[in-house]
Asker: 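My structure is below; once you've seen it, I'll send some questions.
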Amino acid sequence: MTTVADLITLQADGTVRMAQPGVKAPVVEVYEDYACPACLEFAKGENSKWLRHAAFSGEIVVVFHPFTLFSAKTPVQRANSRRALTASLCVPTPGKWLEYHDALYAHQPGPFKRGGFPYKKLVRLAKSTGIPVEPFFACLKSAETAKRADKVTELVFGRGIEGTPTVRYKGEELDWSVPWWPEED
């Protein structure tokens, strides 16, 4: 039986594609930051559930763009965000990525909590989702992974993204806070 996690493809540029094999379009892009309270609201909302359902049924391709939104002007949020992003880049298998993604949101610290997303918590979340801890921790602490996280963020800002969550359908920005499908009579 196919699961949503079976549809995940980890991309070299840090994006994550969720689609049935052979489905190329239409594309919905989700730009998100694991430390962003609005992203948590989106991740828990009906539109996020609808995206997963639509990808599972072969109607769309969803491309996740996790990145660090916060700048050096907000050092606490930036540090929390960057650690979470780095951790998400350390998920070794597509089948575990979505589960880890959801765990990050489920355990999101308060936006001003210094030391939110500490390494110990990120490793515990990995363990709880079945990710091997030793290689995950080595990846998490790697300078190369930190550089990759920064590169992922640079790429997103290069696309003109200024806030999160940003959801684009066929290149047009959607209002993520209202339902995207018509209400049934």
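Please read these numbers as outputs of a predicted model, since none were measured by experiment.
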Asker: Checking T153 against D150: is there a side-chain donor and acceptor pair closer than 3.5 Å?
Answerer: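 Short answer, no.
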Asker: Where do L140 and T145 land on the side-chain contact (heavy atoms from CB on, under 4.5 Å) test, with the steps shown first?
Answerer: CA-CA 7 Å; L140 184 61; T145 308; over 6 Å; no
Asker: Under the side chain to side chain donor-acceptor pair (under 3.5 Å) test, which residues partner K151, sequence neighbours left out?
Answerer: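 Side chain to side chain donor-acceptor pair (under 3.5 Å) list for K151, sorted by chain: empty.
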Asker: Got a second to check how far I60's CD1 is from L51's CG, nearest 0.5 Å?
Answerer: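 If I round to the nearest 0.5 Å, the distance is 5.0 Å.
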Asker: Does R114 offer a backbone N or O that forms a donor-acceptor pair with the side chain of N80 under 3.5 Å?
Answerer: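 Not at all, since once roles are kept as given, no pair shorter than 3.5 Å links the two residues.
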Asker: Where the side chain of W50 meets the backbone of P179, is there a donor-acceptor pair that is under 3.5 Å apart?
Answerer: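 A pair under 3.5 Å: no.
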Asker: Assigning hydrophobic clusters by single linkage (Ile, Leu, Val, Met, Phe, Trp, Tyr; side-chain heavy-atom cutoff under 4.5 Å), is V63 placed with Y169?
Answerer: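 No, no single cluster joins them.
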Asker: Can you tell which of R168, E32, R159 makes a side-chain hydrogen bond (donor to acceptor under 3.5 Å, both in side chains) with H65?
Answerer: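 By the side-chain hydrogen bond (donor to acceptor under 3.5 Å, both in side chains) criterion, H65 pairs with just one of R168, E32, R159: R159.
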Asker: Can you find a heavy atom in the side chain of Y31 that is under 4.5 Å from one in the side chain of P165?
Answerer: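 Contact flag for Y31/P165 side chains = no.
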Asker: Can you name the closest pair of heavy atoms from C39 and T164 and give their distance?
Answerer: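 The pair with the smallest heavy-atom distance is SG-CB, 3.3 Å.
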Asker: Honestly curious: do I8 and L125 fall in one hydrophobic cluster under the side-chain, below-4.5 Å linking rule?
Answerer: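 I8 and L125: one cluster.
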Asker: Among the clusters formed by ILVMFWY side chains lying less than 4.5 Å apart, do L40 and L174 turn up in the same one?
Answerer: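 Linked within one cluster.
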Asker: Of the non-hydrogen atoms in V27 and K24, which two are nearest, and what is the gap between them?
Answerer: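 It is CG2-O, 3.5 Å.
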Asker: What's the spacing between T3 OG1 and F56 CZ if we round to 0.5 Å?
Answerer: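 Here the interatomic distance stands at 7.5 Å.
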Asker: Quick check against the 3.5 Å criterion: does D6 have a side-chain atom that pairs as donor or acceptor with the backbone of G95?
Answerer: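 No, the answer is negative, given that no donor and acceptor are paired below the 3.5 Å cut-off.
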Asker: Mind checking the CD-NZ spacing from E29 to K170? Nearest 0.5 Å is all I need.
Answerer: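 Spacing of CD (E29) from NZ (K170) equals 13.5 Å.
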Asker: Any idea which heavy atoms bring A35 and P37 closest together, and the distance?
Answerer: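 So the two residues come closest at O-CD, 3.4 Å.
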Asker: Tell me whether the centres of the aromatic rings in Y105 and Y100 are closer together than 6.0 Å.
Answerer: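 No, they do not, as the ring centres are separated by 6.0 Å or more.
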Asker: Classify the ring geometry of W176 against F42: parallel below 30°, tilted from 30° to 60°, perpendicular beyond 60°.
Answerer: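 Perpendicular: the ring planes of W176 and F42 meet at over 60°.
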Asker: Locate the shortest heavy-atom distance separating A55 from L7; write the atom from each residue and the value.
Answerer: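 Closest approach of A55 to L7: O-CD1, 3.7 Å.
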Asker: Could you check F67 against L155 for side-chain contact (heavy atoms from CB on, under 4.5 Å), going step by step and ending with a plain yes or no?
Answerer: CA-CA 9 Å; F67 74 108; L155 288 170; over 6 Å; no
Asker: Just by distance, do the side chain of R52 and the backbone of V62 share a donor-acceptor pair under 3.5 Å?
Answerer: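 Looks like no, no N/O pair under 3.5 Å.
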Asker: Would a 4.5 Å heavy-atom cut-off, applied to side chains only, mark I131 and P92 as touching?
Answerer: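 Yes, side chains in contact.
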Asker: Side-chain contact, heavy-atom cut-off 4.5 Å: W180 with V167?
Answerer: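 Answer yes - side chains close enough.
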Asker: Quick one: do E59 and S57 satisfy side-chain hydrogen bond (donor to acceptor under 3.5 Å, both in side chains)? Show the steps, please.
Answerer: CA-CA 6 Å; E59 298 170 51; S57 63; 2.6 Å; yes
Asker: Would you check if the side chain of Q108 reaches a backbone N or O of C36 as a donor-acceptor pair within less than 3.5 Å?
Answerer: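 Yes, because the side chain of Q108 sits within donor-acceptor range (under 3.5 Å) of the backbone of C36.
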Asker: Return the orientation label for the F64 and W97 ring planes: parallel under 30°, perpendicular over 60°, tilted otherwise.
Answerer: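 Correct class here is tilted.
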Asker: When you measure from the side chain of T166 to the backbone N and O of I161, does any donor-acceptor pair fall under 3.5 Å?
Answerer: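 Side chain of T166 to backbone of I161: no pair is present.
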Asker: Count I, L, V, M, F, W, Y as connected when their side-chain heavy atoms are under 4.5 Å apart, and connections chain through other members. Are V156 and M18 then in the same cluster?
Answerer: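 The answer is no; the residues belong to distinct hydrophobic clusters.
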Asker: Kindly indicate, with the supporting measurements, whether the criterion salt bridge (charged side-chain N to carboxylate O under 4.0 Å, His left out) is fulfilled by D33 and R82.
Answerer: CA-CA 9 Å; D33 184 317; R82 191 166 181 261; over 6 Å; no
Asker: Return yes if some donor-acceptor pair links the side-chain N/O of R83 with the main-chain N/O of F117 below 3.5 Å, else return no.
Answerer: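 Pair found, side chain donor or acceptor close to backbone of F117.
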Asker: Is there a donor-acceptor contact under 3.5 Å from the side chain of H53 to the main chain of K49?
Answerer: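 Side chain of H53 to backbone of K49, a donor-acceptor pair under 3.5 Å: no, none is there.
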Asker: When you measure from the side chain of T68 to the backbone N and O of F70, does any donor-acceptor pair fall under 3.5 Å?
Answerer: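 Pair absent, no side-chain N/O of T68 close to backbone of F70.
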Asker: Distance from E144 atom CD to L89 atom CG, nearest 0.5 Å?
Answerer: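 Output value for this atom pair is 12.5 Å.
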Asker: Have a look at T129 and tell me which of R124, H101, E99 forms a side chain to side chain contact (heavy atoms under 4.5 Å, CB included) with it.
Answerer: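 Single side chain to side chain contact (heavy atoms under 4.5 Å, CB included) partner of T129 among R124, H101, E99: E99.
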Asker: Which heavy atom of K113 sits nearest to which heavy atom of P109, and what is that distance?
Answerer: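 For K113 versus P109, the nearest heavy atoms are CD-CB, 3.9 Å.
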Asker: Measuring from L122:CG to F136:CZ, what's the distance to the nearest 0.5 Å?
Answerer: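 The CZ atom of F136 is 6.0 Å from CG of L122, to the nearest 0.5 Å.
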Asker: When rounded to the nearest 0.5 angstrom, what is the spacing between OG in S88 and OH in Y34?
Answerer: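 OH of Y34 is found 3.5 Å from OG of S88.
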Asker: With clusters defined by side-chain heavy atoms of hydrophobic residues (ILVMFWY) lying less than 4.5 Å apart, directly or transitively, does L104 cluster with Y119?
Answerer: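 Same cluster.
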Asker: Could you report the tightest heavy-atom contact between T86 and A149, atom names first, then the distance?
Answerer: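 Nearest heavy atoms, T86 then A149: OG1-CB, 3.6 Å.
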Asker: May I ask you to decide if K73's main-chain N or O and S71's side chain share a donor-acceptor pair within less than 3.5 Å?
Answerer: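 The answer is yes, because a donor-acceptor pair under 3.5 Å joins these two groups.
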Asker: Any pair with a residue in residues 9-29 that passes ring-ring contact (aromatic ring centres under 6.0 Å, His included), sequence neighbours left out, goes on the list, sorted by first then second residue, please.
Answerer: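 Matches after skipping sequence neighbours: none remain.
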Asker: Is the closest side-chain heavy-atom distance between T9 and V16 below 4.5 Å?
Answerer: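 Of all side-chain heavy-atom pairs linking V16 with T9, none is under 4.5 Å.
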